[in-house]
Amino acid sequence: MNICRSIRVVCLAVVAVMLLSSCVTAPQSGDMQSVDWPLHNLDLAGSRFSKLNQITPANVKTLTPRWLFQHGVIDGVSNQTTPVVVNGIMYVTDSRGSVYAMDAADGHLRWTFDVTRLIGGRGCRAGLDCYIFRNRGVAYEDGVIYTAAGSFVFALDARTGAPIKSFGKDGQAATILDVLKTRYPEVKEAISMGYWFTAAPQVYKGVLYVVSTRSESHVPGGHVIAVDAKSGKVLWHFNTVPQDARDQGWEIAGPTWVGGERHGGGIWETPSIDPELGLLYVAVGNPFGDSTKRAGINLFTDSILALELGTGKLKWYYQQTHHDVWDYDSGNPPILFDMTVRGQRVKALAEASKNGFLYILNRETGQPVYPIKEMPVPTETTRAGEQPWPTQPIPFTAKGEPMEPVSPVFPIDIAPENLVGKKLVPMFTPLGPNLVRAPGTGGGANYGPLSYSPLTGLLYVSAIDSPFGATRAPKGYISAYDPTTGELVWRKIFEGWAQAGSVVTAGGLLFVGSGSNTAGYFYAYDAKTGEELWKFNTGAGIFSSPSTYMVNGEEFVTVASGGGDRGRRGGDLILSFALPKR
């Protein structure tokens with residue numbers, strides 16, 4: 001169903017922008033070049049590196065809002081969509097997964113597709129299948145837009161928004177339900193078991209890769225699902241928490257859960273793909289349930305998995321937190337890049353965890369590029385039956401020193417009045433009353449995709465400093481690491497949440513947003529030095545990762561804004577910035 005309705009497209013500070021545009025000019029490209037952003041993280045590797053270079057450290061101070069778009073839906077916890085741009089058209093989602101297509105040059109609406117009118121034939125609010133939570137966007141391939149909304153996947157004509165009739169049932173595939181019914185034939189709605197989508201799909205050569213989320217719903221494992229992009233049929237699936245011998249990886253993971261339920265393992269972000277190796281990479285969320293009844297390290301939660309593209313067969317895994325009781329998901333998408341270490345070319349992968357550490361692995365083997373050592377951690381607990389794991393994997397640099405965490409791993413900047421009757425404890429300390437620890441449940445690194453520039457050779461990581469058990473405002477950390485050594489190169493700290501990912505450009509800039517209760521600043525930093533060059537207050541927290549594109553020879557940078565403390569207040573704003581027109 002292609003539903004177009006009246007939606008406000010307004011100009012931000014119309015008079016001011018018109019006056020500025022009339023007296024400040026920017027160079028225009030000689031041709032009518034267009035550069036797309038077709039996937040959630042730009043490319044299969046999730047690099048978030050754009051070759052655009054029209055906006056530079058020299059002119060970024062003149063960057064101006066060119067247009068904004070408001071879709072009018074403010075019923076989710078935050079506006080986390082990453083705009084996708086193809087052939088001059090921008091595609092975004094609201095918190096439900098409904099799609100909006102607009103002209104990427106001026107923000108004018110082309111079409112909308114409302115998923116709530118179709119699901120179950122009765123609409124989102126009338127049933128469980130379309131639980132409103134959050135949605136991170138769409139994927140594009142061969143003239144088709146794919147959105148994973150509620151517990152369904154939709155295929156839409158990119159030009160018109162009309163459903164692709166041959167996909168599923170009239171453009172709607174009950175993907176998770178199709179997987180669940182093979183084991184639980186009595187299930188009628190996937191959401192009744194706690195399953196739905198939040199991540200944007202990945203797509204490659206006619207196959208969609210979608211992931212189910214929400215570890216905190218007692219789900220019996222998260223699912224990585226390969227779907228035929230033409231028919232909507234499931235090709236293979238992998239359960240991140242094998243339940244018994246019918247699930248792949250049971251012989252590895254089964255013995256690591258002792259004494260009770262095997263729940264959790266949701267996947268929060270889009271997979272990455274290495275076509276040459278034929279592998280797909282996902283980062284898996286936390287275990288859930290009574291931790292006194294799940295002794296062991298609880299594989300494959302809090303892990304990075306490499307699966308064969310064609311079959312879903314497990315190639316390797318690496319767990320970043322053992323027997324997690326702290327909500328230390330591996331929530332960010334893995335990023336793939338090549339680098340030279342000791343004269344050897346390494347196919348690398350990096351992922352930053354909520355536990356506060358950056359992990360850099362060889363993506364062919366899953367082995368650390370530099371040592372990641374199992375280090376002793378506190379095990380004394382007051383909880384009867386709890387069996388804390390005695391070590392945790394801590395990354396080290398090429399020099400053999402502990403790697404600088406992406407955010408503090410011990411509480412800092414705590415006012416004395418907030419510590420009355422409380423105790424500061426090291427990370428990985430077992431749960432107990434009146435303890436203050438870092439990272440808190442909001443991170444470390446939480447959801448925000450990393451970016452990598454082959455020009456600077458740096459990895460850029462967003463992270464959060466908000467200790468658990470102490471009342472203070474969160475701080476955002478933006479850090480640049482040299483992955484060939486594991487050394488921190490520069491870091492910027494600001495007030496608010498750094499839960500959004502970044503984009504880095506050939507123009508030498510890093511763009512990233514911040515979130516707070518009162519404001520959402522969109523920043524531009526010098527990608528090499530970390531110098532702050534520009535910022536713009538969007539008026540609401542930014543929990544969305546930006547993208548950049550070119551239309552008619554003009555480079556734009558765009559981001560979604562809308563969210564308060566950790567995004568708990570929704571928003572509906574899409575902002576696109578460009579240099580003033582000549």
Side-chain angles (χ1 to χ4, degrees), residues 215-216 256-259 264-265 283-304 317-332 351-361 368 370-397 401-414 419 422-446 461 463-470 474-475 477 479 486:
S215 300
E216 287 77 11
T256 70
W257 297 74
V258 180
V284 184
N286 57 290
F288 193 69
D290 186 349
S291 62
T292 66
K293 298 177 181 179
R294 54 171 174 87
I297 61 173
N298 308 143
L299 291 173
F300 297 107
T301 62
D302 295 343
S303 298
I304 300 168
Y317 69 90
Y318 189 90
Q319 189 177 52
Q320 297 153 294
T321 301
H322 309 317
H323 187 74
D324 183 6
V325 297
W326 309 276
D327 195 15
Y328 285 163
D329 304 50
S330 300
N332 300 323
E351 205 271 346
S353 170
K354 282 177 65 177
N355 69 17
F357 292 107
L358 173 64
Y359 294 83
I360 303 175
L361 308 176
Y370 290 113
I372 300 177
K373 301 180 182 180
E374 289 289 335
M375 303 295 290
V377 296
T379 57
E380 185 177 350
T381 179
T382 60
R383 304 183 72 219
E386 180 66 80
Q387 299 181 47
W389 200 257
T391 64
Q392 294 290 347
I394 307 300
F396 281 66
T397 68
E401 300 171 348
M403 187 183 292
E404 183 72 24
V406 300
S407 65
V409 294
F410 189 82
I412 61 173
D413 300 330
I414 309 296
L419 288 176
K422 298 181 179 180
K423 180 182 178 182
L424 298 177
V425 296
M427 72 175 304
F428 297 124
T429 296
L431 301 181
N434 302 317
L435 302 182
V436 180
R437 70 172 188 276
T441 55
N446 189 4
V461 186
I464 302 161
D465 177 28
S466 182
F468 176 85
K475 294 184 179 181
Y477 279 57
S479 305

What distance do K293 atom NZ and E386 atom CD have between them, rounded to the nearest 0.5 Å?
12.5 Å

Look at the side chain of T301 and the backbone N and O of L299, then say whether any donor-acceptor pair between them is shorter than 3.5 Å.
no

Mark yes or no for whether Y328, through its side chain, and Q320, through its backbone, hold a donor-acceptor pair below 3.5 Å.
no

State which residue, out of T321, V409, I372, V406, fulfils the side-chain contact (heavy atoms from CB on, under 4.5 Å) condition with F357.
V409

Between the main-chain N or O of P390 and the side-chain N or O of H323, is there a donor-acceptor pair closer than 3.5 Å?
no

Main chain of Q392, side chain of H322: is a donor-acceptor contact present, judged purely on distance under 3.5 Å?
no

Kindly indicate whether the side chain of P378, heavy atoms from C-beta on, has any atom under 4.5 Å from the side chain of V425.
no

Say you draw a straight line from CG of N355 to CE of M427; how long is it, rounded to the nearest 0.5 Å?
5.0 Å

Any non-hydrogen side-chain atom of D290 less than 4.5 Å from a side-chain atom of R383?
yes

Heavy-atom side-chain proximity of D465 to Y477 below 4.5 angstrom
yes

Counting N and O atoms only, with roles assigned by atom type, does the side chain of W326 sit under 3.5 Å from a partner on the main chain of T429, one being a donor and the other an acceptor?
yes

Return the OH to CD1 distance between Y359 and I394, rounded to the nearest 0.5 Å.
5.5 Å

So does A352 get a backbone contact from the side chain of N332, meaning a donor-acceptor N/O pair under 3.5 Å?
yes

Heavy-atom distance under 4.5 Å between the side chains of Q387 and V258, does that happen here?
no

Main-chain N/O of I297 paired with Q319 side-chain donor or acceptor, under 3.5 Å:
yes

Taking every non-hydrogen atom, the tightest pair across P393 and Y318:
CB-OH, 3.7 Å

Evaluate the side-chain proximity of N298 to D324: yes if any heavy-atom separation is below 4.5 Å, no if none is.
no

Closest heavy-atom pair and its distance - P388, T379:
CG-O, 3.4 Å

If I compare all heavy atoms of P287 with all of R294, which pair ends up nearest, and what's the gap?
CG-NH1, 3.6 Å

Within a 6.0 Å radius of atom CZ on F468, are there more than 12 heavy atoms belonging to other residues, nucleotides or ligands?
no

Ignoring hydrogens and geometry, is there a side-chain-to-backbone donor-acceptor pair from K354 to T441 under 3.5 Å?
yes

Could you measure the distance from the OG atom of S330 to the CZ atom of F300? Nearest 0.5 Å is fine.
13.5 Å

Can any side-chain N or O of S407 pair as donor or acceptor with the backbone N or O of I464 at less than 3.5 Å?
yes

Donor-acceptor pair, W257 side chain versus G296 backbone, under 3.5 Å?
no

Value for OG1 (T391) from CE (M375), rounded to nearest 0.5 Å, stands at 10.0 Å

Working to the nearest 0.5 angstrom, can you tell me the gap between N286 CG and D329 CG?
4.0 Å

